[in-house]
Amino acid sequence: MASPTPRYRFAPSPTGYFHVGGARTALYNWLLALQNDGVFVLRVEDTDESRNHPQWTQGITDALGWLGIDSSDSHFEGPYFQSSYAAEHVAAAEAIFVAGHGYYCDLTTEQIQERAKASGLNGYDGYSRDRGLGPGPGHVLRFKVPAGQTVVHDTVRGEVDFANDTIEDFVLLRSNGSPVFLLANVVDDIAMNITDVVRAEEHLPNTPKQQMLWNALGSPPPRWAHVPVLVNEQRKKLSKRRDKVAVEQYRDEGILPEAMVNYLMTLGWAPHGDTEIVPWSHIVEEFKLENVNHSPAFFDVKKLNAFNGEYIRMMSLDKFIEACQPVLKSEQVPWPPERFNPDVFNSIAPLVQTRVAVLAEVPALVDFLFMEEPPIDDAAFTKAFGSDWACPTLVEIATRYETCAWSVDVLKTEVEAVGAKHDLKLGKLQGPLRIAITGRSVGTPLFEPIELLGRAESLRRINSAVQRASR
RNA sequence: GCCCCCAUCGUCUAGUGGCCUAGGACACCACCCUUUCAAGGUGGCGGCACGGGUUCGAAUCCCGUUGGGGGUGCCA
């Protein structure tokens, strides 16, 4: 028997959102597809037509594309969503009924609860199993859970046993005749020749039901793999409402896709060796689903940022400048766009590159070069000009700057000369100058930007700071 | 309630019975370098949840306890 091409199914998330946890599961699926010459199958499934599907699926495929996952061949809107497919799901349910694996029941939810209360047992008790009911108004079709055990073979977790008598006879067809998601899911998997289902561990408890359905429908179940969920600092599953969970947010902040992918992969898994920063090709080579951890992982933005900083520093200068473009042209930028000067930015870029973890931090390091009046940090200003030497030395520097040669080296030695006179170290002496020029107490090395700013503008800013200090 | 999963530094992990005095990464701290801030370098702090077994030997295997998470709909 020839083994079929593996088809790895990825569904964004049960709530229909491509959050970071889903991104990781997508990565696992993608990886497996690459390693095993298989196909990555993205399937969006939802019966709620109120969700805007074209827009929603577009968002997901965009995010996948950003992560480097090609979903073009496999993108698929779940048949379940399209009402025309409902017939197939109903037909499958009816086949189950005909084969004797299901039965109809007319009990209402209230009646079921009453019976459960009276008997002390949990959930539905199989009351209608042998009543021989047929389809009809108010009748649901339930699956007849067989006696015995269901064992799920899971690539990540090994064998997981479920006693069938702890699983109640679940609904396949609602009383209005519509199929239930669980059923539709299995029918679609079979229709799409899915061989491997890789998803989050929250689905594990429902897996025996699905597996029984596969068997009842006469198909050997797929290989299952339930990977751990991602949690927040409260150890709760990442939730859209409470946590920063959308991949796009990280993209917009200037996280690089390589860093995102690399970090996501270290959640639940680690490459061999003393470094976790490894290229995707290495991951493809080494990753094994069998080696994935069993416990939930906390999504640590600090570590993500650290990874991102590493990736930024690994870039060539040209690449870095290129990567900065979106964030420099964003509408959020504090300077008027027409004042932006690419040449100036490119000159300062090497000094910026080692100082940012995410690209979104870039504008704040260079804004003073492009703004007419950079805002001044009051607290920093007060502190820097609090000493009695601040103004006099700054005036001296200004005097020297009026006539000296305009180059980084000279600008620096002039300040050092003033420092020597007053017995002040450069580190200290440059404080007021830095505030005057940049408005802040920290930033890139100072003399490069002064050179870029030019003599007239630099002197203007120094004088304006001196005036401000003497008020 | 019932069912399932999980348990190594603060966090992410390595570890598959002796190479473990438990290794790395992020974070944190100190020092070096230094033009502030970074980057870089060196070092430090810090962990096998608990209790029983099995074994010559347990982070590793088994049982239990505790703690966390998830599932359990005529939701998806």
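Lettering of chains follows the sequences in order, A, B, ..., and the numbering in each one begins at 1. Note that the coordinates shown come from a computational prediction; the quantities given were computed from them, not determined experimentally.
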List the residues meeting salt bridge (Lys or Arg N to Asp or Glu O under 4.0 Å) with [X], not counting sequence neighbours, and say none if there are none.
X: R199(A); answer: none
X: R24(A); answer: none
X: D196(A); answer: R223(A)
X: R157(A); answer: E201(A)

(request) Check each residue of residues 258-279 of chain A for a non-hydrogen atom within less than 4.0 Å of any atom in RNA chain B, then write out the ones that pass by number, or none. (result) T266(A), L267(A), G268(A), A270(A), D274(A), E276(A)
(message) At a heavy-atom distance below 4.0 Å, what parts of residues 156-173 of chain A sit against RNA chain B?
(response) R157(A), V160(A), D161(A), F162(A), T166(A), E168(A), V171(A)
Taking [M] as the reference, what is the distance to [N] when you measure between their [atom1] atoms (whole Å, please)?
N: G23(B); M: G43(B); atom1: P; answer: 14 Å
N: U11(B); M: C20(B); atom1: C1'; answer: 22 Å
N: G46(B); M: A25(B); atom1: C1'; answer: 14 Å
N: U8(B); M: U60(B); atom1: P; answer: 12 Å

(request) Return the value, rounded to whole Å, for the distance between atom CZ of R242(A) and atom C1' of G69(B). (result) 13 Å
(request) Please work out which of the three classes, parallel, tilted or perpendicular, describes the rings of Y104(A) and H139(A), given edges at 30° and 60°. (result) tilted
(message) Quick check: on RNA chain B, is the nucleotide nearest L446(A) upstream (toward 5') of the one nearest E201(A), or the reverse? Name the residue that is more 5'.
(response) E201(A)
(request) For R434(A) and for L304(A), find the nucleotide of RNA chain B with the closest heavy atom, then tell me which residue's nucleotide is more 5'. (result) L304(A)
(message) Closest approach to the side chain of K302(A), judged atom by atom: which nucleotide of G70(B), C26(B), C74(B) is it?
(response) C26(B)
(message) From C-beta outward on K209(A), which listed nucleotide comes closest to its side chain: G70(B), U72(B), U35(B)?
(response) U72(B)
Assign [X] to base, sugar-phosphate, or nothing according to its heavy-atom contacts below 4.0 angstrom with the strands shown.
X: T444(A); result: base
X: Q430(A); result: base
X: L107(A); result: base
X: N293(A); result: sugar-phosphate
X: R313(A); result: sugar-phosphate

List the atom pairs, with distances to 0.1 Å, where a side-chain N or O of residues 350-358 of chain A and a protein N or O form a donor-acceptor pair under 3.5 Å, not counting sequence neighbours.
from	atom 1	to	atom 2	distance (Å)
Q353(A)	NE2	I312(A)	O	2.8
Q353(A)	NE2	M315(A)	O	3.0
R355(A)	NE	L351(A)	O	2.7

(message) My understanding is that only residues two or more places apart in sequence, or in another chain, count here; which of them pass side chain to side chain contact (heavy atoms under 4.5 Å, CB included) with K244(A)?
(response) Q249(A), Y250(A), E253(A)
(request) Please list, chain by chain and in numerical order, all residues satisfying side chain to side chain contact (heavy atoms under 4.5 Å, CB included) with H422(A), sequence neighbours excluded. (result) T393(A), E396(A), V418(A), L424(A)
[N], OP1 or OP2 - any side-chain N/O from [X] closer than 4.0 Å?
X: K237(A); N: G71(B); value: yes
X: H294(A); N: C6(B); value: yes
X: R174(A); N: C75(B); value: yes

(message) For a quick check under 3.5 Å, do T438(A) and R434(A) share a side-chain donor-acceptor pair by atom type?
(response) no
(message) So for S175(A) and C74(B), does any side-chain atom that can act as donor or acceptor lie under 3.5 Å from a complementary atom in the base?
(response) yes
(message) Any N or O donor-acceptor pair under 3.5 Å from the base of A27(B) to the side chain of K303(A)?
(response) no
Heteroatom pairs (N/O) under 3.5 angstrom, protein to nucleotides 65-68 of chain B:
none

Restricting both atoms to N or O, compile the protein contacts to nucleotides 62-64 of chain B shorter than 3.5 Å, with distance only.
none

Can you check nucleotides 17-20 of chain B for protein contacts, nitrogen or oxygen pairs under 3.5 Å, and list what you find?
none

(message) Checking side chain to side chain contact (heavy atoms under 4.5 Å, CB included) between L213(A) and each of D189(A), V186(A), V187(A), which is the one that passes?
(response) V186(A)
(message) Under 6.0 Å between ring centres: does that hold for F10(A) and Y28(A)?
(response) no
(message) I'd like to know whether the aromatic ring centres of F299(A) and Y263(A) sit less than 6.0 Å apart in this structure.
(response) yes
(request) Under a 3.5 Å limit for both distances, which nucleotide forms a Watson-Crick or G-U wobble pair with A7(B), could you say? (result) U66(B)
(request) May I ask which nucleotide in the shown strands pairs with G57(B), Watson-Crick or G-U wobble, both distances under 3.5 Å? (result) none
